[in-house]
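Okay, structure first, notes after.
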There are 2 protein chains.
Amino acid sequence: MRIAQYSSKNRMLVAVDCIIFGFDGTELKLLLIKRGFEPEKGRWSLAGGLMKRDENIDLAASRVLKELTGLENVYMEQLYIFGEVERDPVDRTLSVVYSSLIDINRYTQQINQDYHAEWFPLKKLPSLIFDHRDMVALAQQKLRYKAAFHPIVFEMLPEKFTLPQLQHLYEGIFDTLMDKRNFSRKVLSTGLLVKQKDKEKATSKRGAFYYKLDKRKYQTKFNAFLNFIPNPDSIR
Amino acid sequence: MRIAQYSSKNRMLVAVDCIIFGFDGTELKLLLIKRGFEPEKGRWSLAGGLMKRDENIDLAASRVLKELTGLENVYMEQLYIFGEVERDPVDRTLSVVYSSLIDINRYTQQINQDYHAEWFPLKKLPSLIFDHRDMVALAQQKLRYKAAFHPIVFEMLPEKFTLPQLQHLYEGIFDTLMDKRNFSRKVLSTGLLVKQKDKEKATSKRGAFYYKLDKRKYQTKFNAFLNFIPNPDSIR
DNA sequence: ACAAAAGTGTTCGAATTACACCCATGG
DNA sequence: CCATGGGTGTAATTCGAACACTTTTGT
């Protein structure tokens, strides 16, 4: 009876779609590609493609991202699987969504002219195909949730970064403003940041000291919960 | 080029597996079924089955759970997709894992003799097929994470429950002991509990007052983060 | 009368918030 | 010399942790 279900009539296609959040030191952005094939050719979408039958899901996500944007070796994690029956009009297709956080400036070389990929400010996204807008909304929600408790967003910063940059990033994620005195006290109290001797001088005359992440401590303290949200009600 | 990938050679099977956590007032348990078909017939496994091609994923999970355990209308949420290439020896099969929290006593009628389903204490699980042990470990981790910040675990309690029961549940989830004075102060301070006039008299001579969840407030306050973990280091 | 679980308050230290001024520098 | 953003300290409050005794009642 049940073993009969190990039959092929229920096989289906599985896609991966990659949500790439990026931070340029000021603003939170999302990487989109201009879809190069039908249906919906020419419209903006997440970097996505079909997973192969003999391919691990995580590797499929990396491959698709590489093929469509040129990005390689970026931090990615599985977010959710979307499976409404009618979500892709051509064929029954599930989509496993991956989410990623990167430092935009670190990867400008990789995202070159060969790819029709472009960064869009999170607040000014174009319309997206299928259910991609829902995917982005879910990813944003999860990013907030994680950022509220973990120092994970260091994935989106350069090797060296300043406290004002870090604060701008958190403000972007939560769409709120924070007090810089309280912010620096809290973030420094984690003991995860190492102050550098040099300064970032591009955005201010005085310059802001660089910090680096103490990666050893970061690994072990990952589960030490931080509470970065100034006030739950202020999150929009 | 790329449209050629909208071909059928990459179709694959997709299963759903259901992790059912239950609480009986004292102990955290997991619902397992004796697998009724090859391979691995006769061994214990999560309630799982293949998803149909014309079926929504969430509905597939509900259907499979109903078919294998008799359970209906339980709170379920998608946890993760497992997709190692060799995870199922018979055929390439992804598994979408769902996780669920229920009040064991409320559903004893539904889980009847027709089904080879059985509750196992979380600390004394039998060996499980395929990667099901990994699935359980991940679900447990996520349950802790959520329970640490949300009053979500009310899904696992009866309509009326006592503070000692609620505390035992949290102690089961975190495998730790909590101070009942601090616990009750914290949980009552949420304003989500409504004290009842009657008492539960089965487990003590004096009896413990019942409480009910204020569902209106629960809906709106769901995102008010609670911090139930006594001390992050004490979580094993 | 006693065993067993329920219920309740206080004190202390830590963390969080609100808030305002001086600093360094490039122009 | 001044405009711009960087950097720091303190007081008031809230929150979390530790801790022990009294109440109720079935046996």
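Just so we're clear, the structure is a prediction, and the values are computed from it rather than from any experiment. Below, each value reflects all heavy atoms present in this structure, side chains not excepted, and no hydrogens, waters or symmetry copies. Labels below follow one simple rule: chain letters A, B, ... track the order of the sequence lines, proteins then strands, and each chain is numbered from 1.
Backbone-only contact: A/Thr203 has heavy atoms under 4.0 Å from sugar-phosphate atoms and none from a base.
Atoms NZ (B/Lys180) and C1' (C/dA5) sit 7 Å apart, rounded to a whole Å. Residue A/Asn182 contributes atom CG, which lies 13 Å from atom C1' of D/dT13 at whole-angstrom precision. In this entry the distance linking CD of A/Glu200 with P of C/dT25 reads 14 Å, nearest Å. Atom CG in B/Leu177 sits roughly 12 Å away from atom P in D/dA18 (whole-Å rounding). Between A/Met178 atom CE and D/dG7 atom P there is a gap of 18 Å when expressed in whole angstrom units. The interatomic distance linking B/Phe183 (CZ) with C/dG9 (C1') rounds to 18 Å, in whole Å. The distance between atom CD of A/Gln167 and atom C1' of D/dG7, rounded to the nearest whole Å, is 12 Å. As rounded to whole Å, 17 Å separates atom C1' of C/dA15 from atom CZ of A/Arg181.
Taking for each of A/Ser204 and A/Asp179 the nucleotide of DNA chain D with the nearest heavy atom, the 5'-most of the two is the partner of A/Ser204. DNA chain C is contacted by both B/Gln165 and A/Lys205; B/Gln165 maps to the nucleotide lying nearer its 5′ end (nearest heavy atom per residue).
A centroid separation of less than 6.0 Å is found between the aromatic rings of B/Tyr80 and B/Phe82. Under the 6.0 Å cut-off for aromatic ring centres, B/Phe161 and B/Phe154 qualify, their centroids lying closer than that.
Here CD1 of B/Ile104 is found 11.0 Å from CD1 of B/Ile20. Values are rounded to the nearest 0.5 Å.
The aromatic rings of B/Tyr145 and A/Tyr145 sit tilted, their planes meeting at an angle between 30° and 60°. Between A/Phe174 and A/Tyr170, the ring planes are parallel. Angles under 30° get that label, and only those over 60° would be called perpendicular.
In the interface, the side chain of A/Arg185 is paired with the base of D/dT10 through a donor and an acceptor atom under 3.5 Å apart. Below the 3.5 angstrom threshold, one finds no donor paired with an acceptor across the side chain of A/Arg206 and the base of C/dA24.
Side-chain proximity of B/Lys201 to the nucleotides C/dG7, D/dA17, D/dG26 is greatest for D/dG26.
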